[in-house]
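Nothing here was measured: the structure is a model prediction, and the numbers come from that model.
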Amino acid sequence: MRKSIVLLALICALSALPAQAQQQFKVLVAAIPNKYHNDYITVARPSFEQMARRHNFEMVWAWDTRPFDGDLSQYAAIVFLNTPGAELSEPQRKRFQDYIHAGGGFVAVHKAIATAREWTWYEHLVGRSFRTHPYIQTGVIDVVDRNFPATLGLPDRWLWTDEWYEYDAPYSSDLHVVMNVDESSYDPTLIWPGQKAEGMGKSHPVAWYHFFEGGRSFVTALGHTPELYNDRLYLDHLYGGIYWAATGRGIVAEKSIP
């Protein structure tokens, strides 16, 4: 009898414990190895897994494009991590377009910008076409919009080492730039023999966002070398973009002037 009472008390105590919190959303991370970007994956994957645990979201990691053969509506956001859209087959591209049109979120990281210019729709989703980049160098990033989640934890001037991508003119006027690189802080012309880079001038974006055909698109040009994926500020920058792409939340409303 006493054992039964103890067992019943234990069951009641366990049932009184709070249930494990449900994860807030689900994200697909497409990280497909390619010629210039593959060694980053061994660092990026555990960092993304830690990010998912820290921020309580479910993450599906994809080494290839097979998830794009299935139901994409389960994902609040899809991250192309150093993975350009050219990796997708025609049927997969159609599913991805339908996903964006249904209100899906998209995050393009670094190599995802450097497309082969054979999928016009994807170029417009990104917002700009990659042109070239000089050698990897240290430069200074200026945060120009603190109202966006991907910049909330960053310093006003951020010392960073990366490939400083250059692009052609934007496809639309609604791209909201959140960070620029200061070209006076590195040499935009330092490039391989036979190639040419000249910089973009005072306005040289490295991160931006926009709304596109019903969906949300966040783009960051940062993220070339593996070591960057151990940097806490960079991971916070990435998560801010993922969070906005997945939820549409987090943009600080402009305060009205009395």
Side-chain angles (χ1 to χ4, degrees), residues 23 25-52 57-130 133 163 165 167 171 207-226 228-229 235 238-239 241-247:
Q23 291 169 312
F25 48 75
K26 189 174 182 178
V27 174
L28 172 65
V29 179
I32 301 172
N34 55 73
K35 181 178 180 181
Y36 298 107
H37 299 82
N38 53 66
D39 52 351
Y40 79 96
I41 293 176
T42 57
V43 181
R45 181 168 185 175
S47 292
F48 268 73
E49 289 172 343
Q50 185 179 39
M51 180 197 297
F57 67 91
E58 183 180 352
M59 185 194 72
V60 174
W61 187 274
W63 300 98
D64 53 37
T65 63
R66 282 181 291 180
F68 292 88
D69 293 325
D71 176 22
L72 297 179
S73 66
Q74 62 186 298
Y75 304 111
I78 297 177
V79 181
F80 282 46
L81 185 62
N82 280 325
T83 299
E87 296 283 349
L88 302 185
S89 68
E90 285 300 329
Q92 290 170 339
R93 293 180 184 193
K94 177 62 168 58
R95 288 190 183 92
F96 181 57
Q97 285 181 264
D98 290 344
Y99 165 80
I100 294 296
H101 293 160
F106 168 68
V107 175
V109 179
H110 193 60
K111 173 66 175 177
I113 305 172
T115 62
R117 302 201 182 197
E118 44 76 51
W119 187 10
T120 302
W121 181 87
Y122 181 83
E123 298 273 341
H124 285 254
L125 172 66
V126 169
R128 299 172 181 267
S129 292
F130 168 80
H133 67 76
E163 287 181 333
Y165 278 9
Y167 339 91
Y171 286 110
W208 60 86
Y209 72 94
H210 68 139
F211 297 92
F212 183 77
E213 295 186 1
R216 294 174 297 276
S217 174
F218 169 70
V219 178
T220 178
L222 309 182
H224 178 72
T225 58
L228 305 183
Y229 293 88
L235 295 174
L238 288 182
Y239 179 67
I242 292 170
Y243 164 71
W244 174 79
T247 68

Whether Thr83 side chain and Ala30 backbone form a donor-acceptor pair below 3.5 Å:
yes
Mind listing the closest non-hydrogen atom pair of Tyr75 and Val27 along with its distance?
CD2-C, 3.9 Å
I need the Leu28 CG to Phe80 CZ distance, nearest 0.5 Å.
8.0 Å
So which atom in Ala114 and which in Pro84 form the shortest heavy-atom distance, rounded to 0.1 Å?
O-CB, 4.1 Å
Could you state the interatomic distance from CD1 (Ile242) to CD1 (Ile78), rounded to the nearest 0.5 Å?
12.0 Å
So, taking the atom named OH in Tyr243 and the one named CZ in Phe25, what distance separates them when rounded to the nearest 0.5 Å?
8.0 Å
Of all heavy-atom pairs between Gly127 and Trp208, which one has the smallest distance, and what is that distance?
CA-NE1, 4.5 Å
Value rounded to 0.5 Å, distance of CD1 in Ile100 from CD in Glu213
9.0 Å
Side-chain contact test, heavy atoms from C-beta onward, threshold under 4.5 Å: evaluate it for Tyr122 versus Val126 and give yes or no.
yes
Heavy-atom donor-acceptor pair, His210 side chain to Leu125 backbone, under 3.5 Å:
yes
Over 60° means perpendicular and under 30° means parallel, so tell me whether Tyr99 and Phe96 are parallel, tilted or perpendicular.
parallel
Smallest heavy-atom separation, Gly70 atom then Arg95 atom, equals O-CD, 3.8 Å
In Å, rounded to the nearest 0.5 Å, how long is the span from CZ of Arg216 to CZ of Phe211?
7.5 Å
Against the six-membered ring of Trp121, is Arg93 placed for a cation-pi contact (under 6.0 Å from the centre, within 45° of the normal)?
no
Rounded at 0.5 Å granularity, tell me how far CG in Leu88 sits from CD in Gln97.
10.0 Å
Would a line drawn from the ring center of Phe218 to the ring center of Trp244 be shorter than 6.0 Å?
no
Restricting to non-hydrogen atoms, name the atom on Ala86 and the atom on Glu118 that form the minimum distance, rounded to 0.1 Å.
CB-OE2, 3.4 Å
Over 60° means perpendicular and under 30° means parallel, so tell me whether Phe130 and His133 are parallel, tilted or perpendicular.
tilted
When you look at His110 and Tyr165, which way does the side-chain hydrogen bond (donor to acceptor under 3.5 Å, both in side chains) test go after all the steps?
CA-CA 8 Å; His110 193 60; Tyr165 278 9; 3.2 Å; yes
Counting only heavy atoms not in Gln74, do more than 12 sit closer than 6.0 Å to its CD atom?
yes
What is the minimum heavy-atom distance between Tyr40 and Leu81, and which atoms define it?
OH-O, 2.7 Å
For the pair Arg45 and Glu49, find out whether any cationic side-chain nitrogen is under 4.0 Å from an anionic carboxylate oxygen.
yes
